[in-house]
Amino acid sequence: MNDVAGAALELDDIQSGVLRPRPSPFAATYVIVRIDEAAAGRELLRRLASVVTPASATQSAIGDAWASVALTCEGFKAIGLPETSLKSFAWEFQQGMAARAQALGDTGESAPEHWEPPFGRDGVHLVLTGVAPDADQLEAAVARGRAAIADIDGVTPIWRQECHASPDETEPFGYRDGISHPAIEGSGAPASNPLEPPLKAGELVLGYLDELGGFAPVPTPDVLGRNGSYVVFRKLHQRVAAFRQYLRANASGPEDEELLAAKIMGRWRSGAPLALSPEHDDPALGADPGRRNAFLYREDDATGYKTPPGSHARRANPRDSAVAGYPRLHRMVRRGTAYGPPLPHGVLEDDGVDRGLMFAFVGAHPKRQFEFVQSEWIGGGEFLGLGDAKDPVVGEGGGDFQVPRKPIPRRLHGLPHFVVTRGGEYAFMPSLSALRWLAALES
Ligand code: HEM
């Protein structure tokens with residue numbers, strides 16, 4: 001095992017969903033499948049293995065749509081993966097997300113007992129993700145997929161979530177999302193921040209050297225431990241009306257409202273970073289992939305007069321800021337997509353419609369990447385010297401938020417709970433050779 005130290009990523013064995021940039025705009029769908037019979041689950045994997053496209057492919061196997069497949073720990077059990085192999089996966093993955101609720105801050109309204117079924121219950125076995133340039137092309141691919149599994153007794157799609165991304169990837173609070181991503185050595189994807197050296201491939205894909213000069217622990221046998229990645233799915237409901245009301249109530253006027261919105265996020269809604277445009281929005285900057293992420297914090301904004309250290313983006317990636325810990329070990333590849341219709345512009349009352357973010361993380365280290373950021377940086381402020389101040393956008397609410405300012409800081413108290421977890425699960429995206437191996441498992 002681990003014979004690929006320093007070797008190029010094996011793009012023809014890695015699922016395209018791990019590395020491939022999505023089309024823009026795009027539609028996405030997440031389907032959860034329950035496996036009631038091991039042989040049926042393996043037959044499904046056999047069929048999916050010919051549909052899932054490798055990262056090296058320039059064309060998809062299913063027209064203009066791209067599919068990826070991931071299994072949960074319960075899913076591996078359901079297809080009959082031996083116990084020794086199950087026990088070799090990352091511990092958090094074996095536990096499942098509901099069991100990690102305390103560590104992840106999924107308490108109160110976000111607690112697993114309030115999650116949308118089937119999350120936190122039985123049957124979350126296999127997660128299929130489909131991505132296409134628009135909803136029609138996606139639906140055509142889904143229809144073909146449905147036909148392909150209709151004759152397999154013992155596997156049942158039990159949940160589906162439609163998602164969409166506009167060309168500017170606006171998320172429900174109204175900010176441009178999908179801007180900042182770490183570059184990965186050997187992936188071919190361009191860096192979003194030219195000042196950040198690419199991460200070692202082993203931060204994203206199992207079986208390669210990582211930032212610590214070693215290898216992430218890998219599941220056995222070897223075929224499972226190479227070219228696969230962990231995936232974290234979370235359905236995050238966003239209280240858009242409450243967010244707008246809060247900004248309105250705490251700002252002195254429309255301009256201040258936008259400034260406050262930017263201070264909370266670390267970016268203006270256009271995507272322009274406070275780091276490069278601290279006084280006013282700059283939509284041209286926000287739309288420019290070459291400039292909008294080209295910054296660090298330490299040299300010209302150590303205190304956070306431009307970008308507050310407690311803002312969502314700066315917490316989630318402090319870059320070169322002086323914080324407890326080493327940010328490069330906690331970088332995240334995000335694949336989130338908005339769901340639900342936007343709340344119409346200017347509306348301050350809740351319309352009762354479910355909207356939010358289907359958050360997805362892909363990486364080799366679910367604990368030191370996703371769980372660390374979620375629990376230490378989003379769920380608290382110790383690392384910043386801010387006590388237990390939580391993330392003002394994504395945190396559990398109730399805390400304070402401080403905007404460094406001269407002569408005295410601006411302080412917001414008792415932040416509401418704007419983002420509620422509706423469910424989620426840890427999964428594993430096997431390589432293409434592992435998919436075929438799993439499909440051929442003996443009972
Ligand atoms: C509904 C919930 C969330 C919303 C609305 C949201 C929104 C945003 C927005 C607008 C940005 C700036 C655009 C960009 O850099 O791509 C951003 C950045 C980011 N978010 Fe979130 N986010 C949410 C949840 C999360 C969670 C749960 C995590 C981690 C566990 C996270 C981690 C990050 C990271 C790592 C960045 C990039 C920061 C940087 O490199 O500058 N986000 N988010």
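Both counts, for ligands and for their atoms, begin at 1 and track the order of listing.
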Below 6.0 angstrom between ring centroids: does that apply to [X] and [Y]?
X: F372; Y: F370; answer: no
X: Y426; Y: F93; answer: no
X: W159; Y: Y30; answer: no

Given F428 and F89, is the ring-ring contact (aromatic ring centres under 6.0 Å, His included) satisfied, shown in steps?
CA-CA 9 Å; F428 184 78; F89 281 89; 5.1 Å; yes

Heavy-atom count check: over 12 atoms from other residues, nucleotides or ligands less than 6.0 Å from E255 CD?
no

Looking at R291, K306, R314, R267, which hits side-chain contact (heavy atoms from CB on, under 4.5 Å) with P273?
R267

Just the distances, no angles: every ligand 1 N or O to protein N or O pair closer than 3.5 Å, one line each.
| from | atom 1 | to | atom 2 | distance (Å) |
| --- | --- | --- | --- | --- |
| ligand 1 | 15 (O) | S180 | N | 3.3 |
| ligand 1 | 16 (O) | D177 | OD1 | 3.3 |
| ligand 1 | 16 (O) | G178 | N | 3.1 |
| ligand 1 | 16 (O) | I179 | N | 2.6 |
| ligand 1 | 16 (O) | S180 | N | 3.2 |
| ligand 1 | 16 (O) | R334 | NH2 | 2.9 |
| ligand 1 | 20 (N) | H312 | NE2 | 2.9 |
| ligand 1 | 20 (N) | R334 | NH1 | 3.4 |
| ligand 1 | 22 (N) | H312 | NE2 | 3.0 |
| ligand 1 | 40 (O) | S180 | OG | 2.5 |
| ligand 1 | 40 (O) | N317 | ND2 | 2.9 |
| ligand 1 | 40 (O) | R319 | NH2 | 3.4 |
| ligand 1 | 41 (O) | R319 | NH2 | 2.7 |
| ligand 1 | 42 (N) | H312 | NE2 | 3.0 |
| ligand 1 | 43 (N) | H312 | NE2 | 2.9 |

